[in-house]
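See below for the structure under consideration.
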Amino acid sequence: MRQVERELKQAALEQQKPAVNALNQVVKAAQESVYAMRREMSRYTVSDLSLTVFFVMASCVAALRWFIDDGYGQIALMQKKKAEWEQKAPLANISTCNEKPCVQVIGNEFTNKKGERFYQIKPVK
């Protein structure tokens with residue numbers, strides 16, 4: 001019985017040898033890759049890394065400043081347009097009528113012979 005057990009173990013070990021050899025080759029390849037990566041990383045010093053971080057941070061700050069400045073420029077342009085429209089139609093009440101923009105005008109109404117309506121607008125004091 002022990003003889004059969006030994007023979008089975010020996011046969012199992014013989015069958016496992018190709019798999020063990022393949023795994024050993026994979027482990028060696030992985031170790032070589034790790035060593036190569038460590039050699040590459042050792043080329044970069046602390047100063048190289050700090051310069052890279054500084055460059056990335058400076059780029060982010062420059063982009064943020066541009067974004068903010070452009071945003072303020074857009075706001076100033078909208079405020080200018082709003083002031084321009086307030087000068088053009090100081091008495092107009094702009095709202096929505098039946099989901100479409102409409103304007104309420106305060107002033108005297110006049111109608112010509114064609115039925116067109118006109119309003120005499122009083123200037124803002």
Side-chain angles (χ1 to χ4, degrees):
M1 182 79 159
R2 290 182 188 217
Q3 179 69 21
V4 172
E5 183 181 340
R6 280 189 224 143
E7 287 177 6
L8 284 174
K9 284 184 181 179
Q10 186 67 24
L13 287 175
E14 290 297 323
Q15 288 179 350
Q16 290 177 353
K17 279 186 181 179
V20 170
N21 289 338
L23 286 174
N24 284 336
Q25 288 177 353
V26 169
V27 168
K28 285 180 185 176
Q31 285 176 341
E32 289 174 7
S33 295
V34 169
Y35 293 143
M37 287 173 30
R38 286 183 180 165
R39 280 194 304 270
E40 289 292 322
M41 286 303 294
S42 67
R43 291 182 186 174
Y44 298 109
T45 62
V46 173
S47 63
D48 292 337
L49 292 175
S50 62
L51 284 173
T52 302
V53 169
F54 175 75
F55 177 73
V56 169
M57 293 292 286
S59 299
C60 290
V61 168
L64 184 63
R65 287 196 61 196
W66 174 81
F67 181 74
I68 289 173
D69 290 344
D70 188 54
Y72 284 130
Q74 292 292 327
I75 291 170
L77 182 63
M78 288 189 318
Q79 288 174 341
K80 182 180 173 185
K81 286 290 185 187
K82 180 184 174 196
E84 182 181 321
W85 277 104
E86 285 177 348
Q87 287 178 351
K88 287 182 179 180
L91 301 176
N93 181 12
I94 301 171
S95 62
T96 305
C97 306
N98 296 329
E99 298 181 10
K100 294 183 180 179
C102 61
V103 178
Q104 177 187 13
V105 180
I106 301 170
N108 297 329
E109 181 179 342
F110 297 96
T111 308
N112 65 7
K113 293 180 183 178
K114 295 180 184 178
E116 298 172 333
R117 291 189 288 178
F118 297 94
Y119 293 90
Q120 183 180 18
I121 299 173
K122 299 176 186 175
V124 178
K125 295 178 184 178

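We're numbering straight along the sequence, starting at 1.
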List the atom pairs, donor and acceptor, that lie under 3.5 Å between side-chain atoms in residues 24-35 and the rest of the protein, sequence neighbours left out.
unit_1, atom_1, unit_2, atom_2, d
Asn24, ND2, Val20, O, 3.3
Ser33, OG, Ala29, O, 3.1

Please tabulate, one pair per line, all N/O donor-acceptor pairs under 3.5 Å involving side-chain atoms of residues 63-73, not counting sequence neighbours.
none

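More than 12 heavy atoms of other shown residues, nucleotides or ligands fall within 6.0 angstrom of atom CZ in Phe110.
Counting only residues at least two apart or on different chains, the salt bridge (Lys or Arg N to Asp or Glu O under 4.0 Å) pairs with a member in residues 110-119 are Glu109-Arg117.
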